[in-house]
Amino acid sequence: AQAAEKITVGALRFTSHSPSFIAKERGYFADQGIEVEFKFFQAAQPMAMAIASGDVDFGITAITGGLISLAEKGAVKVVGGALQEEPGVDGMLILASKKAFEEGLVSPANLKGRSYGVTTIGSSFHYTAHNIADKEGFARSDIKIRPMQKVGAMIAGIKSGQLDAISMVPHIAKALAASSQVFVIGEVVDYIPDYQVTTVFTSPTVIREKSELVKKFLVAFSRGAHDFNQTLVEKKASAEEQEAMIKLIHKYVYADRPFKKAAPAIRNGAMRINENASLNLKSIEDQLNWFKSENLVSKDITIETLVDTQFVEMSHH
Amino acid sequence: MQTKKSKQLKLFENLAKKSLREPEVQVKRPIRFRGGGFVIKPMPWVPPLVFTALIAFWEVGSRSGFISNLVLPAPSEAAQAFIDLAHSGLLIKHVKASLYRLVVGWTIGSLLGVTFGMLIGLFSIARASLFPLVSAIFPIPKIALLPLFVIWFGIGEGSKIATILFGSFFPVVIASYGGVQNVDRNLIRMGQSFNLSWFSIVRKIILPGALPAILSGFRISASIAIILLVAAEMIGAEYGIGAYVLTAGSLFATDQLIAGVAMLSILGLIVSWLIGKAEKALLRWRS
Amino acid sequence: MQTKKSKQLKLFENLAKKSLREPEVQVKRPIRFRGGGFVIKPMPWVPPLVFTALIAFWEVGSRSGFISNLVLPAPSEAAQAFIDLAHSGLLIKHVKASLYRLVVGWTIGSLLGVTFGMLIGLFSIARASLFPLVSAIFPIPKIALLPLFVIWFGIGEGSKIATILFGSFFPVVIASYGGVQNVDRNLIRMGQSFNLSWFSIVRKIILPGALPAILSGFRISASIAIILLVAAEMIGAEYGIGAYVLTAGSLFATDQLIAGVAMLSILGLIVSWLIGKAEKALLRWRS
Amino acid sequence: MELHLNNIGHKYNNLDVLKEISFSIRQGEIACIIGPSGCGKSTLLRIMGGLETATCGDVYISGEIPSNTINPLTFVFQDFALLPWRSVEANISLVLEDHPIPTVQRKEIIDSVLARTKLSDFKKALPKQLSGGMKQRVAIARALAVNPAFMLLDEPLSALDSQTRELLMSDLIDLWQRENFTACYVTHNLNEAVRLGHKIIVLSRRPGTIRRIVEIPIPLEERHNHLAELEYSQQVLWNLMRDEALAADRELSNAD
Amino acid sequence: MELHLNNIGHKYNNLDVLKEISFSIRQGEIACIIGPSGCGKSTLLRIMGGLETATCGDVYISGEIPSNTINPLTFVFQDFALLPWRSVEANISLVLEDHPIPTVQRKEIIDSVLARTKLSDFKKALPKQLSGGMKQRVAIARALAVNPAFMLLDEPLSALDSQTRELLMSDLIDLWQRENFTACYVTHNLNEAVRLGHKIIVLSRRPGTIRRIVEIPIPLEERHNHLAELEYSQQVLWNLMRDEALAADRELSNAD
Ligand SMILES: Nc1ncnc2c1ncn2[C@@H]1O[C@H](COP(=O)(O)OP(=O)(O)OP(=O)(O)O)[C@@H](O)[C@H]1O
Ligand SMILES: Nc1ncnc2c1ncn2[C@@H]1O[C@H](COP(=O)(O)OP(=O)(O)OP(=O)(O)O)[C@@H](O)[C@H]1O
Ligand SMILES: [Mg+2]
Ligand SMILES: [Mg+2]
């Protein structure tokens, strides 16, 4: 057999990156004749940068203004889909602070004139907020966007009542709501159906020079995603199998905590990853248009600049 | 005694034989001036030259493709972004917001820093209790504490000013403490011999003696304060150069990013120039 | 002349009448010692006390709910997180990775900083060309430059060390430059009068004279280097205290966050203690 | 104001510097201390002025402290101890500022002492712009400004040319006659010692002990009429010092 | 080695310090400079040593530079200029280290000059542990260590007690006889001037001009046999200085 091809995959230590971890641990990458080395990042931005610089071959991250700009410069391209919002599966929740809740912020419809925490301008949180405004029929500028940079700061802001509302991944959101200092007032999926949250991306050079490699990567990744969905999202597997998979993921996520503490966080953080890495092009287009409408990216960018559609199935829900 | 002297004489003679000095001619030679050097002469035309040359090189490099346009846009592109910003009318809002935070945070932080530095330099108990605390808290990254700052100081101006305040406080503490330690003890003794009050000695002998070090600390703390504008404006800031840079960064709008960074640089240059003026005025007494 | 003298005499007499001094009794009184104070005595038992007290207060405050558990977990929780980390076997990997980056980056940065600070203090042309550059580049936030660092130095150790290197470089430049400026010019003249080589004067007179300021700069730069661990380990770091803190922060695991921050603090304390030792050894000559 | 030393001894680390020093300086008396370089004269003066604590022994003062003095026990330091960041004027002002003296009077005092030390032209000069002798005169002017009851002078005229020294010496004698201050005067100039001292304390080489106390009973103001006696006293002192030096030399050669 | 000054003038900012100074110092000659405090003696010495450039006029040297000297033109500074971070020994070593002298010989030179200045016991002491006079002796020892051909001495004995001064003075005379160095010696001690100077240059008060050059034609080694002549010369100098001082006083009173 041919010597395995070495590639580098950028990852964050989040449960949503599990498909790659599973594919590696279960030898799906090896089956495709590729040997994967992970490079861990603390934020999506440097990961995109590393793809651009050629230090990393594949990455998984949300569609952000930064990613689109890099695509415009010919540095990255989206080749597949990963995390997607889906009715019926626990997704991002919309939260209100206790103070705001008591003042009447009991539904996203009341967000007019309220402050809303996001990580950065042009992040998925920002996009969510504007979709709520659009759907509820008030001006986007009526929601006061507060960039907080870090999820930690957003949580501190909502808990201390300095932010009226935020959206948050389910396992953290539920934990927060349990403290009854924060109230769940809605679900993101109601406002952005079939929201394609994260995507698989690589550099145009890799596509040009090794398009076979992209295909192989996506195949292995999809197998990992399938296992993940089956075991932890749809929970079709036995308790032991679930346990085994959580153990596998624990090697990468919450590794510095004892398994007992890490397991619930991993279990609750599981959201569906697209089967076959299929990509919801419609959702990507919506997002791109939103970025354009907010002047966050250049008006000249087309969907072709951002996405290479040759590798996976494009759904158009 | 005599033996010792002649020994040295011999040494010198041996040395002379070894040395390769040529016999010198019997003419008048002007005394060579050897007191030169080690004096800094102002060369006001050099800095503009350096900056112009650098920017020109960068522009040419960018245009010729020698410098990759991926992350480092040409200066002209950054200038265009700056002009756009100015036209949008937001420039003044950004600068105003940042300057306010900077001035308030840095002033309070630096003054507190001098105070604590002096305390630590003057009192054994302060040295023993506060200095380890300073050493322990200084290395804590402000960014890691942002969630705490949100709780303690809110997401308004409070947390922003606090970030800058903390950032400028610590270097000034250490610089002032170092300065106090370096004050000539003979001068303090003189003050004591004239029964100057403790407060007079501190104000008139120790503080001026530590001033060179304190000003050097101010230089450092001012730069750090500017750096921390970005960290400070991470939380809920609508306007501010830091917020502008952050947004540019997250959108990967490199032209705006460079324009913002250039603003921070210019701010740094201005502050450095001001401190230079202060040094010239306050440290005239140095030989 | 005589008129002047008697004028002063009168002044003193007037002053005397105004003063409220009581006539003193004709007994032997020991001379009051007035040369005291202004000397720092070591109090080695104080720092542990302070830290213990603080942590105890915090623990009690957390347990009683007086300190909201919202973002500041009790020290015992942080300690538990630390123990978990140690048990997971990752602690050593984190610490090792960070220490390596810290030592390499800080050493190179500080040595370069001293070199540049000396150059700027010694040569007018360096002062005119490099110092404005330093003033312009120092205030640029490293975080804004991370993308550039990724391109220039890759995502391996290079960019991490570069971040720390840059961070420690600038404060040391400014501190060393300040130190050189403060060296007694008479000593330099003495060196010149003995025809010491330029290099000897720099090495034997200027460098030791600037040493107190340089060490003070090292204190600052070491703390900044530790702070920058977090920024440095944003990029592709698998292990490292900074990466640990960042992960904890992004997962809002406050107990781990505090455990990580405490490690940084302790690192800072150790470095400060080491520099204190160096000061004691190298600056014995100060009165 | 009188000063008494009782069995003073001092050590720096393990270096014996002073040993068994006892003497008194009576009200209105000027005591001169002479002794070889490094024998502990400056140290002794610091002990007398309360700037250093002797390793053993006691220092007392007795007698009334005149009420018209701003700083009863005043130093003139061997190394001048001028604040480099203050002008000549401000260096003198420094020691007056802590006292409730109206600004106008403070200015008058400063002008007066500057005129007496011939520094009026250099009022605004910084110490770095002064010559060695001028710095010493500023230090003297500063001490005069507080109208001391007891002066501790550490080689106050050593950097001065002979005729400035003459002038300042007669100025000191004048001042002493008017104010009748008490003083301890360290010098290495035997002529100064016999001109100014009521009592000359000769210290041995380190560790400094008292070798002899020579009293000169001629009133200060009449000394210029008794040059022969002074010459004789100076000779006595010189012999004492020479013996000390020879002894030291002998010791050194033995150690070789 | 000879030194020639030609119409030297110097200003600090707008302060005239020296004016129209011209004289020569011949090979093997010791020239003493005396003059009122602040008249520009140290400045003149710095100009002669190449440490300061005169505002106008020229300084030349001529004659052969002896080959056995490490630093031909050597200073002894008025303020000692010792490195506070170096021990006595290392302060002297400093000026030898730049020359290719074997370590053993360097040690021997250091030991020799320390013995001659009676500092052997304080080899390892730091400057902060020395008395004023000891610091001055270190400065002299350092100058002797380089075996200078031309010495520029700025009040080198001012902080020393009289008998240490005597010893160092006869040491200097000894050294001069053996090495026949040339020197310019600033002092305010007229006795030193007449004992050591072949030629005594009397400067007026600031701005310093040459008031008189007094030559003393008695060989140095015989001067102790000609005390009366020396006394006479000293008296002449004293009168010159006094006149200068009186003139200055008159000016000051007029200015009042
Ligand atoms: N750096 C300087 N800047 C300005 N003026 C100076 C400076 N150095 C010296 N002067 C002035 O020059 C004059 C001569 O100074 P110099 O040190 O040469 O005197 P001097 O004759 O050596 O006096 P002394 O016997 O007191 O040492 C003084 O009036 C002094 O105020
Ligand atoms: N801080 C110190 N630490 C250690 N030793 C010291 C210290 N100060 C002085 N000495 C030593 O004490 C001795 C006496 O010093 P002191 O200054 O009192 O001498 P002195 O009699 O004033 O000499 P001089 O006439 O040279 O000024 C010296 O041998 C000196 O080395
Ligand atoms: Mg002394
Ligand atoms: Mg002088």
Side-chain angles (χ1 to χ4, degrees), chain B residues 34-35 37-38 40-41 43 46-47 50 68 70-72 122 124-125 127-129 132-133 135-141 143-144 147-148 151 170-171 174-175 178 181-182 185-186 188-189 192-193 195 198 212-213 216 219-220 223 226-227 230 245 249 257 261 264-265 267-269 272 286-287, chain C residues 34-35 37-38 40-41 43 46-47 50 68 70-72 122 124-125 127-129 132-133 135-141 143-144 147-148 151 170-171 174-175 178 181-182 185-186 188-189 192-193 195 198 212-213 216 219-220 223 226-227 230 245 249 257 261 264-265 267-269 272 286-287:
Chain B
R34 46 185 178 171
F38 304 108
I40 296 294
K41 276 162 283 165
M43 299 178 153
V46 171
V50 169
S68 148
L70 181 58
V71 280
L72 207 55
L122 290 171
S124 301
I125 183 72
R127 168 72 182 74
S129 59
L133 278 184
S135 307
I137 300 176
F138 188 2
I140 296 178
I143 307 179
L148 281 183
I151 301 282
F170 291 103
I174 287 176
Q181 278 186 302
N182 225 13
R185 298 288 126 174
N186 285 337
I188 296 176
R189 272 204 176 155
Q192 293 177 318
S193 83
N195 278 338
W198 179 88
S216 189
R219 260 190 206 283
I220 296 175
S223 290
I226 297 174
I227 290 181
V230 170
V245 166
L257 185 74
V261 163
L264 296 178
S265 272
L267 214 57
L269 276 173
S272 160
R286 293 203 290 199
S287 53
Chain C
R34 46 184 178 172
F38 303 106
I40 296 294
K41 275 163 283 164
M43 298 179 153
V46 172
V50 169
S68 148
L70 230 151
V71 280
L72 203 57
L122 289 172
S124 301
I125 184 72
R127 168 70 182 76
S129 59
L133 278 184
S135 307
I137 300 175
F138 189 1
I140 297 179
I143 307 179
L148 277 182
I151 297 289
F170 291 104
I174 288 176
Q181 279 186 303
N182 225 13
R185 298 288 126 173
N186 286 338
I188 296 176
R189 273 205 175 154
Q192 295 178 316
S193 83
N195 278 339
W198 179 88
S216 189
R219 262 190 204 283
I220 295 175
S223 291
I226 297 174
I227 290 181
V230 171
V245 166
L257 185 76
V261 163
L264 295 178
S265 271
L267 214 57
L269 276 173
S272 161
R286 291 202 291 200
S287 53

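Per chain, numbering begins at 1; letters A, B, ... match sequence-line order.
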Undergrad: Relative to chain B, which segment of C:Ile220 carries a heavy atom at a distance below 4.5 Å: side chain, backbone, both, or neither?
TA: both
Undergrad: Taking side chain as everything from C-beta outward and backbone as N, CA, C, O, which of these in C:Arg189 sits under 4.5 Å from a heavy atom of chain B? Side chain, backbone, both or neither.
TA: neither
Undergrad: Taking C-beta and beyond as the side chain, do B:Ile227 and C:Phe138 meet within less than 4.5 Å on heavy atoms?
TA: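 Yes, side chains in contact.
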Undergrad: Checking heavy atoms, do the side chain of B:Pro212, its backbone, both or neither come under 4.5 Å from chain C?
TA: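 Contact with chain C is through the side chain of B:Pro212 alone.
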Undergrad: Report the option among C:Ala136, C:Gly268, C:Ser135 that has the most heavy-atom pairs separated by less than 4.5 Å from atoms of chain B.
TA: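 The candidate making the most pairs under 4.5 Å is C:Ala136.
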Undergrad: Given heavy-atom pairs under 4.5 angstrom as the criterion, report whether the side chain, backbone, both or neither of B:Arg286 touches chain C.
TA: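 Contact with chain C: side chain only.
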Undergrad: Relative to chain C, which of B:Pro139, B:Ala213, B:Gly249, B:Ser265 shows the most heavy atom pairs under 4.5 Å?
TA: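 Ranked by contacts with chain C, first place is B:Pro139.
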Undergrad: Go through C:Ser193, C:Ser272, C:Ala175, C:Gly178 and name the one with the most non-hydrogen pairs under 4.5 angstrom from chain B.
TA: C:Ser193
Undergrad: Write down the atom of C:Met43, the atom of B:Ala128, and the distance for their closest heavy-atom approach.
TA: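 Closest pair (atom of C:Met43, atom of B:Ala128, distance): CB-CB, 3.7 Å.
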Undergrad: When heavy-atom pairs shorter than 4.5 Å are enumerated against chain C, which of B:Asn182, B:Val261, B:Leu122, B:Val50 gives the highest number?
TA: B:Asn182
Undergrad: Quick one: of B:Ile140, B:Leu72, B:Ile188, B:Leu257, who has the most non-hydrogen atom pairs under 4.5 Å with chain C?
TA: B:Ile140
Undergrad: Show the nearest heavy-atom pair for residues C:Val46 and B:Ile125, with the distance to one decimal.
TA: CG2-CD1, 4.2 Å
Undergrad: Heavy atoms only: give me the nearest C:Pro132-B:Leu269 pair and the separation to one decimal.
TA: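 Closest approach of C:Pro132 to B:Leu269: O-CD2, 3.4 Å.
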Undergrad: Which residue out of C:Ile226, C:Val245, C:Leu267 racks up the most heavy-atom pairs below 4.5 Å with chain B?
TA: C:Ile226
Undergrad: Got a second to check how far C:Ser216's OG is from B:Ile174's CD1, nearest 0.5 Å?
TA: 7.0 Å
Undergrad: Name the region of B:Leu264, side chain, backbone, both or neither, that has any atom closer than 4.5 Å to a heavy atom of chain C.
TA: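 Contact with chain C involves both backbone and side-chain atoms of B:Leu264.
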Undergrad: So which part of B:Arg185 gets closer than 4.5 Å to some heavy atom of chain C, the side chain, the backbone, both or neither?
TA: both
